[in-house]
Number of protein chains: 4
Amino acid sequence: MLEELNEFLNTFQKLPREKQLKILDAAAEAFASKGYYGSGIKDICERANISNGALYKYFLNKEELFIAVLDRCQQIMVEYLYEKHTKIESSILNAIEEYLKEIAEICGKFPAYLTVYANLGSPNMEMFSERFSERFKESGKYIYEMVREAKKRGEVIEGIDERALGFLIDNQFILFLYSMLSDYHEKRFRSFMVIEDEVELTSEKKIAFIMDSIRVFLNNKKEESYPVT
Amino acid sequence: MLEELNEFLNTFQKLPREKQLKILDAAAEAFASKGYYGSGIKDICERANISNGALYKYFLNKEELFIAVLDRCQQIMVEYLYEKHTKIESSILNAIEEYLKEIAEICGKFPAYLTVYANLGSPNMEMFSERFSERFKESGKYIYEMVREAKKRGEVIEGIDERALGFLIDNQFILFLYSMLSDYHEKRFRSFMVIEDEVELTSEKKIAFIMDSIRVFLNNKKEESYPVT
Amino acid sequence: MLEELNEFLNTFQKLPREKQLKILDAAAEAFASKGYYGSGIKDICERANISNGALYKYFLNKEELFIAVLDRCQQIMVEYLYEKHTKIESSILNAIEEYLKEIAEICGKFPAYLTVYANLGSPNMEMFSERFSERFKESGKYIYEMVREAKKRGEVIEGIDERALGFLIDNQFILFLYSMLSDYHEKRFRSFMVIEDEVELTSEKKIAFIMDSIRVFLNNKKEESYPVT
Amino acid sequence: MLEELNEFLNTFQKLPREKQLKILDAAAEAFASKGYYGSGIKDICERANISNGALYKYFLNKEELFIAVLDRCQQIMVEYLYEKHTKIESSILNAIEEYLKEIAEICGKFPAYLTVYANLGSPNMEMFSERFSERFKESGKYIYEMVREAKKRGEVIEGIDERALGFLIDNQFILFLYSMLSDYHEKRFRSFMVIEDEVELTSEKKIAFIMDSIRVFLNNKKEESYPVT
DNA sequence: GATGAATGAGACTTCATTCAT
DNA sequence: AATGAATGAAGTCTCATTCAT
């Protein structure tokens, strides 16, 4: 079984990186717009400009293709998001803002992958999400550390548990991310910000709005806040 | 087209309420566990104990059936959640806690519907979520009002925008809801709470954890907090 | 699983007998001419004049369809062959001749089914032939009985084991059957009978040829033999 | 077309004999176990340890490969079976027994080839069997001669046609061969011999059983029979 | 000559929808 | 109004064959 799996992976990995990415991109776009069950192999092959049979040379089946897309998702997250933020260089406030900006940036760069990844939370994706549950522990730990460090430095107000604050901040991250990808959460955001449909809602505005709420926990002054443009 | 649609709706609405609900429940369960594309009409009919053809007397097609389920979702939300909480009877802290408890309760009562509803946020559900965007304005407004009232009563600490705080609180609600329905968000919760897989994570514990983070904004004393059991 | 299987069978059995047979006939013809793996569902459906999907309402899959054809084969064999010959009315010689004639007749009537049945002996059909192995014991027993009775009546020459003789006779039956269905065995027959390709080889001639060899075992006189026409 | 075919054959025949046989063996094994339609080129190449493309340098297509296997079958039959038995060295009884033993031996040595060959009799193999029909005339002639010689020597009882007896004997050969290769015919054999499934049925026992039935035609005494072990 | 990736027709099967009863 | 058989397009996947290297 594992050998078999490798047989396919090898064929795929021998491809030029460019072509690999084209295929994964095509799959990610399909899965992002129609979901796993709604996406068809034929459609993906056409997007990737490869033959139907070729795909089955690269991946055992649709499921394995999807997992390959998820792996690429994770790789993107790690490369563009986590690795850049393992160290808090200045204040936690800045760190959070940077993190949000980074989320906005990778959502702009890889919307399809991020969408697929975000969709892992859907209840009928459990068969796939189990594979990636490890990551949560990491993510939780990272934010917890960030908060703890900040507390030591006196940046966090008294009387709040590090874990609870971490969770609260991560919730902002998650829903900010969702709002970049899903119309539903975008509208929810608008609703709270009281912004009309006609007015453009840039990610900068969203970030500023989030920072406004988070700043409360921190011993920071308003003037350092992110300027709303 | 609209007449046609009504024709179907009428046939459905002439059914005894009990049978209507049986059909919607069956559909909700299917959609919840397998998603829109993954669910089959045949499966739904079998769950509902009606014939394949009967369903097409009641609904124009799968899409309309799904929308009917979504309508029922909203109805449940309104009936069991929003209507119960239009007035803040005591402090905002209590109100929030009550709201979370209510969420936990209806998740226990109607897990399938809530799951379907929660999935509307999935990016590939946009074709359906548009119909329900109205609700957000309501929801946002309600929480905003709640916060504003609380602020007037001096329950909220200084220097925080009502809307930002409302958003922050609603984010807790949303992700609490998700954690009741999706394994993915459940695990995320555990990760932040640092709870081992073997230990049961009751909704009471989750609520207490959330309340811990929220209390910070409020001029409340710890002793009123939700008792962790 | 069994319920599921019944679900399909029921749908099929509700069909008018005529339509049932049309479908089985179509399948038998396809399987007979191209074998199990070489035959396609589409081809079968076209022969039977039903839609592709209909077939899957009647049978779980190609395998079950094939088994249904085999069942019909057996039914034909039992109805037209075995039931007619449970009693030896006159001499064993006549019985054998009658049996051969009967084989010729059902080969003319149901060539496809007989062909499918005969093919069960192919080594790559073992997955199916196991189901039908019971029949052999019957068949062997029946011929054994026939020979034993004949021996009692003094029709069989001395010094031959009933079982060995039964086997020898059954071999003639089998290869006579094969010669009606397969070009290969037909040619083999011709070769031994020394009949040119241009000359027609009727089943009567084959039977006479076989009877010639069998008569030796029996205390019969030549003049009673089957007349070669 | 013929030139083309030769082009392929030449390429194949230039290979070292060992490699040729490895390829044919691999193909024979595949065809024997899964039949012509059920066998895949990929599988055969893997068994033969050659590349997919190489096979198409040696053979025009799957069909020609199959024919090459059949040619090898015939070659084996001629080399190991026919050529050894062109002369009756002692009595016909011994000759037959030797022939049966030889069949058992080559079935043990080349089961795959023999199986493929035996399957030529399947009705859906007619497209291939035509090519090999020549052989039957030879085979028939050979056995006919054997019987005629034996008759001259007074080994055969009176009143039986040489051709009919030849056919009868050949039938024993054929079905003995089939019983070595197919479960179906093995079971049929057991049924007539009244041997339980648990008891091993060696080829020696089968041969003894067959000899018992054949001996009747011959002016032989029981004591010369094949010893049942 | 050899390789093995690529092709695409076609295989089996499912399923939303229609329709005769 | 209800049934459930029928439809056929479309889905996933396989495989004999071709072709660039």
Side-chain angles (χ1 to χ4, degrees), chain A residues 7-8 10-12 14-15 19 37-45 49-65, chain B residues 7-8 10-12 14-15 19 36-46 49-65, chain C residues 7-8 10-12 14-15 19 37-45 49-65, chain D residues 7-8 10-12 14-15 19 36-46 49-65:
Chain A
E7 181 195 329
F8 289 86
N10 281 337
T11 312
F12 183 64
K14 273 184 216 152
L15 292 177
K19 193 170 180 186
Y37 293 106
S39 300
I41 294 293
K42 209 185 151 205
D43 175 37
I44 292 171
C45 291
N49 222 25
I50 60 171
S51 75
N52 212 315
L55 192 73
Y56 282 88
K57 283 262 185 285
Y58 305 145
F59 303 100
L60 181 60
N61 51 31
K62 191 181 178 182
E63 205 175 314
E64 292 300 324
L65 169 61
Chain B
E7 179 196 330
F8 287 87
N10 282 337
T11 313
F12 182 64
K14 273 184 213 151
L15 292 177
K19 192 171 181 185
Y36 178 71
Y37 291 106
S39 301
I41 293 292
K42 201 186 154 207
D43 175 38
I44 292 170
C45 290
E46 274 162 15
N49 225 22
I50 61 170
S51 76
N52 211 316
L55 193 75
Y56 281 85
K57 288 270 186 278
Y58 308 145
F59 302 100
L60 179 60
N61 52 29
K62 193 179 177 182
E63 207 174 313
E64 292 301 324
L65 169 61
Chain C
E7 180 195 331
F8 289 86
N10 281 337
T11 311
F12 183 64
K14 273 186 216 150
L15 292 178
K19 193 171 181 186
Y37 293 106
S39 301
I41 294 294
K42 207 184 152 206
D43 175 38
I44 293 170
C45 290
N49 223 26
I50 60 171
S51 76
N52 214 316
L55 193 73
Y56 282 87
K57 283 261 185 287
Y58 306 144
F59 302 100
L60 181 59
N61 52 29
K62 191 182 177 181
E63 205 175 314
E64 293 299 324
L65 169 61
Chain D
E7 180 197 329
F8 285 87
N10 282 337
T11 312
F12 182 63
K14 275 185 212 150
L15 291 177
K19 193 170 180 185
Y36 177 72
Y37 292 106
S39 301
I41 294 293
K42 201 186 156 208
D43 175 37
I44 293 170
C45 291
E46 274 162 15
N49 225 23
I50 61 170
S51 76
N52 211 318
L55 194 74
Y56 281 85
K57 287 270 186 279
Y58 307 145
F59 302 101
L60 180 60
N61 52 29
K62 192 181 179 182
E63 207 175 313
E64 292 300 323
L65 169 61

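Below, chain A is the first sequence line, B the second, and so on; all start at residue 1.
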Heavy-atom closest pair, residues A:Leu65 and A:Phe59: CD1-CE1, 3.6 Å
Closest to the [X] side chain: [options]?
{"X": "A:Tyr56", "options": "E:dA6, E:dA2, F:dC13", "result": "F:dC13"}
{"X": "A:Lys62", "options": "F:dT12, E:dC12, F:dA2", "result": "F:dT12"}
{"X": "C:Lys14", "options": "E:dA6, F:dT3, F:dA5", "result": "F:dA5"}
{"X": "D:Ile41", "options": "F:dA5, F:dA16, F:dA2", "result": "F:dA16"}

Complementary nucleotide for F:dT21 - Watson-Crick or wobble, under 3.5 Å: E:dA2
Paired nucleotide for F:dT7 [Watson-Crick or G-U wobble; both distances under 3.5 Å]: E:dA16
Expected output: side-chain D:Lys19 to main-chain D:Ile50 donor-acceptor under 3.5 Å: no
Main-chain N/O of B:Glu64 paired with B:Asn61 side-chain donor or acceptor, under 3.5 Å: yes
Side chain to side chain, A:Ile41 and A:Cys45, heavy atoms closer than 4.5 Å: yes
pair B:Tyr36-B:Glu63: side-chain heavy atoms closer than 4.5 Å: yes
Nearest-nucleotide 5' precedence on DNA chain E, B:Tyr36 against D:Lys19: D:Lys19
Whole-Å gap separating [atom2] ([N]) and [atom1] ([X]):
{"X": "C:Asn52", "N": "F:dA5", "atom1": "CG", "atom2": "C1'", "value": "15 Å"}
{"X": "C:Lys57", "N": "E:dC15", "atom1": "NZ", "atom2": "C1'", "value": "8 Å"}
{"X": "D:Glu64", "N": "F:dA16", "atom1": "CD", "atom2": "P", "value": "15 Å"}
{"X": "B:Asn49", "N": "F:dG4", "atom1": "CG", "atom2": "P", "value": "10 Å"}
{"X": "B:Asn61", "N": "E:dC19", "atom1": "CG", "atom2": "P", "value": "15 Å"}
{"X": "C:Phe59", "N": "F:dA5", "atom1": "CZ", "atom2": "C1'", "value": "14 Å"}
{"X": "D:Tyr37", "N": "E:dC12", "atom1": "OH", "atom2": "C1'", "value": "18 Å"}
{"X": "B:Lys42", "N": "F:dT7", "atom1": "NZ", "atom2": "P", "value": "17 Å"}

Phosphate OP1/OP2 of E:dA5: any A:Thr11 side-chain N/O under 4.0 Å: yes
Closest-nucleotide 5' rank along DNA chain F - winner of B:Leu15 and A:Ser39: B:Leu15
Touch class at under 4.0 angstrom, heavy-atom based, for D:Gly53 against every strand present: base
